[in-house]
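Here's the structure, in structure tokens; my notes come after.
Counting from 1, the numbers follow the sequence of the chain as shown. All values derive from a computational prediction rather than experimental measurement. Just so you know, ligand 1 is whichever comes first in the structure, and atom 1 is the first atom listed for that ligand.
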Amino acid sequence: MGRFDEVYRAAQADPEAFWAAAAEEIHWVRSWDRVLDDSNPPYYRWFAGGQMNTCYNAVDRHVENGRGDQAAVIYDSPVTETIRTLTYAELQDQVARFAGALATRGVTKGDRVIIYMPMIPEAAVAMLACARLGAIHSVVFGGFAANELATRIDDATPKAIVSASCGIEVKRVIAYKPLLDAAIEMASHKPEICIVAQRPQAVAELTAGRDESWEEAMSAAEPHGPVPVAATDPLYILYTSGTTGQPKGIVRDNGGHAVALKWTMKNIYNIEPGELFWSASDVGWVVGHSYIIYAPLLHGATTLIYEGKPVGTPDPGAFWRVISQHKAVSLFTAPTAFRAIRQQDPEGEHIGNYDLSHFRALFLAGERCDPDTLTWAEEKLKVPVIDHWWQTETGWSIAANCLGIEQLPVKAGSPTRPVPGWDLQVLDAEGHAVPAGTIGALAGKLPLPPGTFPTLWNAQERYFNSYLANFPGYYETGDAGIIDEDGYVHVMARTDDIINVAGHRLSTGAMEEVLAAHPDVAECAVIGVTDTLKGQLPVGFVVLKAGASNAAVTDEVVTMVRQRIGPVAAFKTAAVVQRLPKTRSGKILRATMRKIADGEEFKPPATIDDPAILDEIKDTLAGIGYPKAG
Ligand code: COA
Ligand code: AMP
């Protein structure tokens, strides 16, 4: 039996012993009463009764253990031509003082703090300061519109919001403050205080009585120590797309999260404390939470906050420049970033301009990794390229090639095998496990390992109904796929209306809600079509109300989605149709429309109401360039 099988079996045979051993790597103020509290199935809690502080484990502990002078965070910003290093001691000082600033403004354990910031070190400081106080942060990605921010403000009801005056998208300066003001205006809940980091590219006007600058708040702040919290207390809420416009507030606890993430750094990523691990994502996504902030810091590694893109800042050699300049031993990004690089530098010529001799592995996640991209990256970088599969809900990998345990052979198109702690099954519609190689719903047998989400914020019933109800005893991932004869997982498609655009998770249902709000639109459908760069792109279809004629409607709905969801939705294409294809019971045939758009073989379902409508859809799609050639 190989080493991976041994570890996997140990975790299956005695999960409590396995995770209790991993928990030795974390500093506890009080040890747990039970490793796994299974007294209330299907709800489980890890390290019940234990007390600790995530920020202490991620920062102070390393200073106490002699890492004070080691770089904790390197900020590399090609868009502002800045490189800045924060050692662990400097990070501790900033985090303690920002925690003090929040505390004197009334933020205490259990309060929520929304963080709406670009990729600047202050975002990390703000997150860790919340963790230090036991306050619950909720980071909102900068590419979301004011309306999305307002929805999150109303759901999380934060006491404070921490933001910045602007973000920089390549060369475009995006003022954040007007978006923040508009969101607060729209929301019913009003935060008591906003702290805004002022950036020279666009200094924000502050609202007297509510807003303060980061710089001012920090200058007068007294350091605040870490507050012990229960292992089961929430560390953060991270909103992710559900099937409606109301996003799901994924809750992460403190104890299980710290234990699991620390474990992954060595076992999955094969990183040693002191090494530089670079995750080129954004703090607004789960990858950013787990692998820009918490895991590398819990491990005593160095992390990198990169305010730039894979291309255009300034060229497709940007990633290689960063890896070589800061001696990153591994990079974690989304396949779409590699497709963008390859599009501009097909031969990978820029790679040759840099010394990457220290670079050991590339990790890809966020969307399915197409074999073409995987092979290109392997050939050009000459290091293992590891696809791994996970979700905002799980906080870390469900399936991966655990480089720190044993490197298994790579199969292109597969994120390898379920990681220790995950009992993954493929289920049919009735919830029965299917034979190897058969497609079905990918589901994790409960209890899930530590670090996965114990609930949705203020929505326990939705948690149950969305994830646990369909297959009793299992967590339904929402992904469909197969497990093959070698135990390798193949993730094929979502079972709901979630699409994946440039590694970003978006709900077509939420976009349909926006289209439906247009006064001339009677009904609509949004589908995700295949895109060679971004993986998928949304395309909308609208049917106008009887008597309505509006030549500008497609432009108008495009603008509405940008204004209400945000530029990140990348919703740029809509078409008017006379009717939408439906079943006799009125269900819109989105899957059939998607197949037509992608040029796939399709058979209209037997229940289709009027097959002739499909011809109109085909013509409409042809008119807007689908299916794409090649
Ligand atoms: N603030 C404001 N706007 C933002 C933003 C932010 N933080 N992030 C993205 N946007 C905007 C972009 O400027 C773009 O606007 P546009 O429509 O005016 O051009 C739009 O949102 C779409 O952004 P994006 O999907 O990033 O597309 P892009 O064309 O700018 O870049 C890639 C394409 C592939 C280079 C880019 O998506 C990328 O680097 N992806 C990496 C994936 C990743 O980090 N995934 C996270 C999970 S691991
Ligand atoms: P998010 O919650 O934004 O991380 O998105 C999670 C979803 O992205 C998953 O449910 C999958 O649909 C998709 N996904 C993430 N990683 C992979 C991967 N390695 N292979 C296939 N799909 C993936």
Q) Measuring from the heavy atoms of Ala502, does anything fall under 4.0 Å of ligand 1? A) yes
Q. Who gets closest to atom 35 (C) of ligand 1 by heavy atom: Gly308, Pro310, Ser279?
A. Pro310
Q) What about His504 and Phe141, are their ring centers closer than 6.0 Å? A) yes
Q. Considering Glu169, Arg339, Glu367, which one's heavy-atom position lies nearest to atom 4 (C) of ligand 1?
A. Glu169
Q.
If you count every heavy atom of other residues, nucleotides or ligands that lies below 6.0 Å from Gln344 atom CD, does the total exceed 12?
A. yes
Q: Using the six-membered ring wherever Trp is involved, compare the ring planes of Tyr236 and His289 and label them parallel, tilted or perpendicular (cut-offs 30° and 60°).
A: tilted
Q. What protein heavy atom sits nearest atom 8 (N) of ligand 1, and how far away is it?
A. Phe141 CZ, 3.3 Å
Q.
Please check whether Lys572 reaches ligand 1 - meaning an N/O of the residue sits under 3.5 Å from an N/O of the ligand, judged on distance alone.
A. yes
Q | Subset of ligand 1 atoms that lie under 4.0 Å from at least one heavy atom of Trp285 | A | 46 (C)
Q) With Thr313, which residues qualify under side-chain hydrogen bond (donor to acceptor under 3.5 Å, both in side chains), at least two apart? A) Tyr306
Q | Proximity winner for atom 44 (O) of ligand 1, if only heavy atoms of Gly143, Gly142, Ala280, Gly503 are counted | A | Ala280
**Q.** Per atom 34 (C) of ligand 1, closest listed option by heavy atom (Thr392, Thr333, Thr336)
**A.** Thr336
Q) Considering the options Phe277, Trp396, Trp263, which one meets the ring-ring contact (aromatic ring centres under 6.0 Å, His included) requirement together with Tyr269? A) Phe277
Q: Go through ligand 1 atom by atom and flag the ones less than 4.0 Å from a non-hydrogen atom of Val568.
A: 21 (O)
Q: Could you tell me whether Arg152 sits above the aromatic face of Phe144, with NZ or CZ closer than 6.0 angstrom to the six-membered ring centre and within 45 degrees of the axis?
A: yes
Q. Can you list the atoms of ligand 1 that are under 4.0 Å from a heavy atom of Val287?
A. 48 (S)
Q: Not counting sequence neighbours, list each pair that qualifies as a salt bridge (charged side-chain N to carboxylate O under 4.0 Å, His left out) and has a residue in residues 556-570.
A: none
Q) Which protein heavy atom lies closest to atom 30 (O) of ligand 1, and at what distance to 0.1 Å? A) Lys309 NZ, 3.2 Å
Would you mind writing out a table of all protein N or O atoms found under 3.5 Å from any N or O atom of ligand 2, naming both atoms and giving the distance to 0.1 Å?
unit_1: ligand 2; atom_1: 2 (O); unit_2: Thr392; atom_2: N; d: 2.8
unit_1: ligand 2; atom_1: 2 (O); unit_2: Thr392; atom_2: OG1; d: 2.5
unit_1: ligand 2; atom_1: 2 (O); unit_2: Arg505; atom_2: NH1; d: 2.7
unit_1: ligand 2; atom_1: 8 (O); unit_2: Gly366; atom_2: O; d: 3.4
unit_1: ligand 2; atom_1: 8 (O); unit_2: Asn500; atom_2: ND2; d: 3.3
unit_1: ligand 2; atom_1: 10 (O); unit_2: Gln391; atom_2: NE2; d: 2.9
unit_1: ligand 2; atom_1: 10 (O); unit_2: Asp479; atom_2: OD1; d: 3.4
unit_1: ligand 2; atom_1: 10 (O); unit_2: Asp479; atom_2: OD2; d: 2.5
unit_1: ligand 2; atom_1: 10 (O); unit_2: Arg494; atom_2: NH1; d: 2.7
unit_1: ligand 2; atom_1: 12 (O); unit_2: Asp479; atom_2: OD1; d: 2.6
unit_1: ligand 2; atom_1: 12 (O); unit_2: Asp479; atom_2: OD2; d: 3.4
unit_1: ligand 2; atom_1: 16 (N); unit_2: Gly366; atom_2: N; d: 3.1
unit_1: ligand 2; atom_1: 19 (N); unit_2: Asp387; atom_2: OD1; d: 2.8
unit_1: ligand 2; atom_1: 19 (N); unit_2: His388; atom_2: O; d: 2.7
unit_1: ligand 2; atom_1: 22 (N); unit_2: Arg368; atom_2: N; d: 3.4

**Q.** Sub-4.0 Å protein heavy atom near atom 32 (C) of ligand 1
**A.** no
Q: Can you sort out which atoms of ligand 1 are near Tyr176, meaning under 4.0 Å from one of its heavy atoms?
A: 1 (N), 7 (N)
Q.
Once salt bridge (Lys or Arg N to Asp or Glu O under 4.0 Å) is applied, do any residues pair with Asp370, and if so which ones, sequence neighbours excluded?
A. Arg339
Q) Would you say ligand 1 has an N or O under 3.5 Å from any N or O of Ser281? A) no
(Q) Below 3.5 Å, N or O to N or O, backbone or side chain included: is there any such pair between Arg562 and ligand 1? (A) yes
Q.
If the cut-off is 4.0 Å to any non-hydrogen atom of Ile174, which atoms of ligand 1 fall inside it?
A. 2 (C), 3 (N)
Q) Of Asn353, Asp76, Asp315, which meets side chain to side chain donor-acceptor pair (under 3.5 Å) against Arg321? A) Asp76
Q. Using 30° and 60° as the class limits, which term best fits the ring planes of Phe453 and Tyr475: parallel, tilted or perpendicular?
A. perpendicular
Q. Is Tyr291 near ligand 1, meaning one of its heavy atoms is under 4.0 Å from it?
A. no
Q.
Please tell me if atom 20 (C) of ligand 1 is touched by the protein, where touching means a protein heavy-atom distance below 4.0 Å.
A. yes
